[in-house]
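Written below as structure tokens is the structure these notes are about.
On a predicted model such as this, the values are computed, not experimentally measured, just so you know.
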Protein chains: 4
Amino acid sequence: MATPSTPAPRSAPNPDRRSERARQAILDAALELCGEQLYAGLTMEGIAKRAGVGKQTIYRWWPSKAAILLEAIEERGRSTLDFPDTGNLEADLRTQMTQVAQAFASPLFAAYSKGLIAAAQSDPDIAKAVVDSIIKPRVDLCIERLTKAQAAGELRQDIDLADLVELLYAPLYYRLLLHTRPVTQSQVDTILNLALTGATK
Amino acid sequence: MATPSTPAPRSAPNPDRRSERARQAILDAALELCGEQLYAGLTMEGIAKRAGVGKQTIYRWWPSKAAILLEAIEERGRSTLDFPDTGNLEADLRTQMTQVAQAFASPLFAAYSKGLIAAAQSDPDIAKAVVDSIIKPRVDLCIERLTKAQAAGELRQDIDLADLVELLYAPLYYRLLLHTRPVTQSQVDTILNLALTGATK
Amino acid sequence: MATPSTPAPRSAPNPDRRSERARQAILDAALELCGEQLYAGLTMEGIAKRAGVGKQTIYRWWPSKAAILLEAIEERGRSTLDFPDTGNLEADLRTQMTQVAQAFASPLFAAYSKGLIAAAQSDPDIAKAVVDSIIKPRVDLCIERLTKAQAAGELRQDIDLADLVELLYAPLYYRLLLHTRPVTQSQVDTILNLALTGATK
Amino acid sequence: MATPSTPAPRSAPNPDRRSERARQAILDAALELCGEQLYAGLTMEGIAKRAGVGKQTIYRWWPSKAAILLEAIEERGRSTLDFPDTGNLEADLRTQMTQVAQAFASPLFAAYSKGLIAAAQSDPDIAKAVVDSIIKPRVDLCIERLTKAQAAGELRQDIDLADLVELLYAPLYYRLLLHTRPVTQSQVDTILNLALTGATK
DNA sequence: ATCTAACCGAGACGGTACGTCCGGTCTTCGC
DNA sequence: GCGAAGACCGGACGTACCGTCTCGGTTAGAT
């Protein structure tokens, strides 16, 4: 009698017998369809048909479309986790932020922004999952790099580094999600110029 | 046959005969339902039933759920348009941004974030409408205030003020949409401290 | 507070607005499909597709496939209601029973036997509806004719005419439903010979 | 390669290794479920679950639900095969038909009528199997008894005994399958009275 | 006594149909 | 002619079963 927290609403499928072929086909189909059309037009039936899979197989392993995209992005998007350390903070930030800016234009991140973040507005579970498994790891790596810079005297000692990360990356998300202007290389330069130096000189 | 510019795809309802009572009831119902439940659960049929209105009455005047919310927010949310000018830029920004931060917690902005911005990810028309009728007016007012400050020497001469507006407000949207942390008063202070002074001192 | 017998589980569609075109298309499609394939292969989706109709339109007006067939047969099968009266009982019975035997071989009665009677075994409501709206009217007409014959001295006075109707028609149903032998003209002759004269002479 | 007559579509399970426990559990489960609910609600998965058996074990030995019921009824229903011969035909018929009438009310025959005969309307194979293994043996025994009676002068010489069997038993099936009236003892009396003596006296 | 073939329980798989919900159009009233 | 009402066609939803398949585990019969 340990922890009966989860009452197991459905008899819990056995992951050992799971078909990896079906899993990959579903992730592929979801990303493809999300790239081809808009997220709102992404349907479970469409994914099932494209993947050559029964709908039950999807519902057995994922609770929602968003969960599929989340897993797809987690698995396919590991490459954007790298964070350089050349000793020059501004250069390293420029490198990394440029990489992020470019990723925001890729089909994978089209699915990310159009699908997941939109869905997160209507589903707290998705919101939490997006933060925990996509945003947090990348923020942590950035903070790690900033911590070294702060120790090296490249940054003010009195600032909270999590706040700085927000100030740097938020403008990229702002343009991505509000569609005011496209996310470009020059935006990265502008952000770094303003945020590091300050608007008042 | 005066102005055949728009070919009137559907027999063009006459706005003079429009029922203001029905219009208000629909806007109310949309906002109420969006506040009570999540945007994904907001349906045309639900709005029609709550408003005591036929579905056709909705489709006659609005092309989509998002359009209803947009009009509701435009009409109900004029209060956040004020921008103070006391002569002290930082104080005025703090006043205005605090006001925005508080608005982000209101039910009206729940509809805004949960509904419109999410829908904008899947519909370029909505995205454009949100920018044009909600964001742009507020950004313009801010730029106007910043222009005075720049002229008064309170800001560096070499910076683009639209970029500065982004840097200031983007972090608020970042937390609103990514749900990493709540939008608070102290976040406003932090943003102003970092953005005006710069992270490198 | 008169009779709240039916609690109206679903808000009761308005029959005045019903589309007669859709109704006929559905009845046609159901009979066609039931004739082409076996009843077990008759599906709501198949009927909807063939009739060019939304599934909801079917569910709005009929509770089951069997109810559709029942209505179709009631409406299309009125022709077998005639019962002759020439003054000669045996000749009239032979005429009528031959007509029934022929009907049992028609596509309409294929649907009847394969569909309705089979379904009636699993659904008391269908069973009752079949008896009330298909069997009873025909039995009553037969009893009416037999009553005249009994009054004319053509039949024993001590027999129950409902029982006699059963004895006459049951063998036709026996072969129809148990598929032992085909229903033929000669079976009618045999039945009349045995039932009217008696097996012991 | 001895006898390639049947090409063995599936690798031909070995009956010697068959689990009698599983077989009995499946037959029991099928009859129980058919008694508890209607045949339409009887599913392979339900049988498998109730019997504590894998679905494959069912499909290995039976081609369909109906085949299971058929085997169950064949095995459990041998008791109605007895046919008495006291020398008095009418008495013997009354005895046997009363026994059949009683059987029609038992749970076993609920499965028979609700399941098999209904299914036979949609599946010629089932129809044939029902006739061959259930109806024919009983009819043959009845004909055998009638033949003796005919030889003893208790019946007309010019009648076909198979037709007479139909006339006697068909009314029982008529009520069983059409649910007009319940099958009772008095029905047996009425049938014998009418069929042996004739309706015209 | 061990090996091995196959039956066993279990259940994941690709599918089909279910009955429901909602989208967006159309039609019919009453005002 | 607008507004309320709601039936219509269509299509996605999430579920239940279908019949097939693939796993260990068990249990013979042959070695």
Side-chain angles (χ1 to χ4, degrees), chain A residues 10-19 21-22 25 41-46 48-49 51-61 63-65, chain B residues 10-11 13-19 21-23 25 41-46 48-49 51-61 63-65, chain C residues 10-19 21-22 25 41-46 48-49 51-61 63-65, chain D residues 10-19 21-22 25 41-46 48-49 51-61 63-65:
Chain A
R10 222 143 281 289
S11 56
N14 182 347
D16 294 344
R17 300 205 187 260
R18 184 169 186 180
S19 161
R21 182 190 59 69
L42 182 66
T43 67
M44 287 298 212
E45 295 208 329
K49 185 153 229 171
V53 141
K55 283 200 287 179
Q56 192 68 65
T57 301
I58 303 182
Y59 286 108
R60 196 166 4 239
W61 302 111
S64 65
K65 291 180 291 184
Chain B
R10 219 141 285 286
S11 59
N14 180 348
D16 294 344
R17 299 219 178 190
R18 183 170 187 180
S19 160
R21 184 190 59 71
R23 183 174 155 273
L42 181 67
T43 67
M44 286 300 211
E45 300 208 326
K49 185 152 234 170
V53 141
K55 282 199 290 179
Q56 189 59 45
T57 302
I58 303 182
Y59 284 108
R60 186 148 32 220
W61 301 109
S64 66
K65 289 183 293 183
Chain C
R10 222 142 279 289
S11 57
N14 181 347
D16 294 344
R17 305 221 174 188
R18 184 170 185 179
S19 161
R21 182 190 58 69
L42 182 68
T43 67
M44 286 298 211
E45 296 209 326
K49 183 154 231 170
V53 142
K55 282 198 289 178
Q56 191 67 63
T57 301
I58 303 182
Y59 286 108
R60 191 158 19 231
W61 302 109
S64 65
K65 289 180 292 182
Chain D
R10 220 138 285 287
S11 57
N14 181 348
D16 294 344
R17 299 218 178 190
R18 185 171 184 180
S19 161
R21 183 190 58 69
L42 181 67
T43 66
M44 286 299 212
E45 298 207 328
K49 185 151 234 170
V53 140
K55 283 200 289 177
Q56 190 60 53
T57 302
I58 302 182
Y59 285 107
R60 188 153 26 224
W61 302 108
S64 66
K65 290 183 291 183

Inset, instruction - Tell me which nucleotide among dG9(E), dA7(F), dA4(F) gets nearest to the side chain of Arg17(A). - result: dG9(E)
Legend entry - Gln56(D) (side chain) and dC8(E) (base): donor-acceptor pair under 3.5 Å: no
Legend entry - Under 4.0 angstrom between Arg21(D) side-chain N/O and dC7(E) OP1 or OP2: no
Legend entry - Contact summary for Pro13(A) and Pro15(A), nearest pair of heavy atoms: O-CD, 3.2 Å
Legend entry - Closest to side chain of Glu45(C), choosing from dA5(F), dG19(E), dC13(E): dG19(E)
Inset, instruction - With heavy atoms under 4.0 Å as the rule, sort Arg23(B) into base, sugar-phosphate or nothing. - result: nothing
Inset, instruction - Give one of base, sugar-phosphate or nothing for Ala48(D), where a contact means two heavy atoms less than 4.0 Å apart. - result: nothing
Inset, instruction - Using atom CG of Leu42(D) as one end and atom P of dA16(F) as the other, report the distance to the nearest whole Å. - result: 17 Å
Inset, instruction - Indicate, with a heavy-atom threshold strictly under 4.0 Å, whether Arg18(B) touches base, sugar-phosphate, or nothing. - result: sugar-phosphate
Inset, instruction - Measure the spacing between NZ of Lys55(B) and NZ of Lys49(B) and express it to the nearest 0.5 Å. - result: 11.0 Å
Legend entry - Distance in angstrom units between Lys65(B) NZ and dG24(E) C1', rounded: 13 Å
Legend entry - Where Asn14(C) and Asp16(C) come nearest, the two heavy atoms and their spacing: OD1-N, 2.9 Å
Legend entry - Ring-face cation contact, Trp61(D) with Arg18(D), 6.0 Å cut, 45° max: yes
Inset, instruction - Please confirm whether any donor atom in the side chain of Lys55(A) sits under 3.5 Å from an acceptor in the base of dG15(E), or the reverse. - result: no
Inset, instruction - Could you tell me the separation between the CZ atom of Arg60(B) and the C1' atom of dC26(E), rounded to a whole number of Å? - result: 12 Å
Legend entry - Under 4.0 angstrom between Trp61(D) side-chain N/O and dA6(E) OP1 or OP2: no
Inset, instruction - Using whole Å, report how far CG of Asn14(C) lies from P of dC29(E). - result: 10 Å
Inset, instruction - Take atom CD1 of Ile58(D) and atom C1' of dA10(E), then tell me their distance rounded to the nearest Å. - result: 13 Å
Inset, instruction - Identify the two heavy atoms, one from Ala25(B) and one from Ala51(B), that lie closest to each other, and give their separation to 0.1 Å. - result: O-CB, 3.5 Å
Legend entry - 5′-ward residue of the pair Pro15(C)/Gly52(C) relative to DNA chain F: Pro15(C)
Inset, instruction - Measure the distance from CE on Met44(D) to P on dG11(E) and round it to the nearest whole Å. - result: 19 Å
Inset, instruction - Rounded off to whole Å, could you give me the NZ-to-P distance for the Lys49(C) and dA12(F) pair? - result: 11 Å
Inset, instruction - Mind checking Asp16(D) for me? I need base, sugar-phosphate or nothing, with any heavy atom below 4.0 Å counting as a touch. - result: nothing
Inset, instruction - Name the residue closer to the 5' end of DNA chain E, choosing between Gly54(A) and Ala51(D) according to the nucleotide with the nearest heavy atom. - result: Ala51(D)
Legend entry - Short side-chain N/O contact to dC17(F) OP1/OP2 from Thr43(D), under 4.0 Å: no
Inset, instruction - Please report the closest heavy-atom contact between Ala48(C) and Gly54(C), naming both atoms and the distance. - result: CB-C, 4.5 Å
Inset, instruction - Using a heavy-atom cut-off of under 4.0 Å over every strand shown, decide if Gly46(D) touches base, sugar-phosphate, or nothing. - result: nothing
Legend entry - Distance, rounded to the nearest Å, where Tyr59(D) contributes OH and dC13(E) contributes C1': 14 Å
Legend entry - Nucleotide nearest Thr57(C) (side chain, heavy atoms from C-beta), chosen from dC18(E), dC8(F), dG24(E): dC8(F)
Legend entry - Proximal nucleotide (of dG24(E), dT20(F), dC8(E)) relative to the Ser19(D) side chain: dC8(E)
Legend entry - Earlier contact from the 5' end, DNA chain F, for Ala22(C) and Pro63(A): Ala22(C)
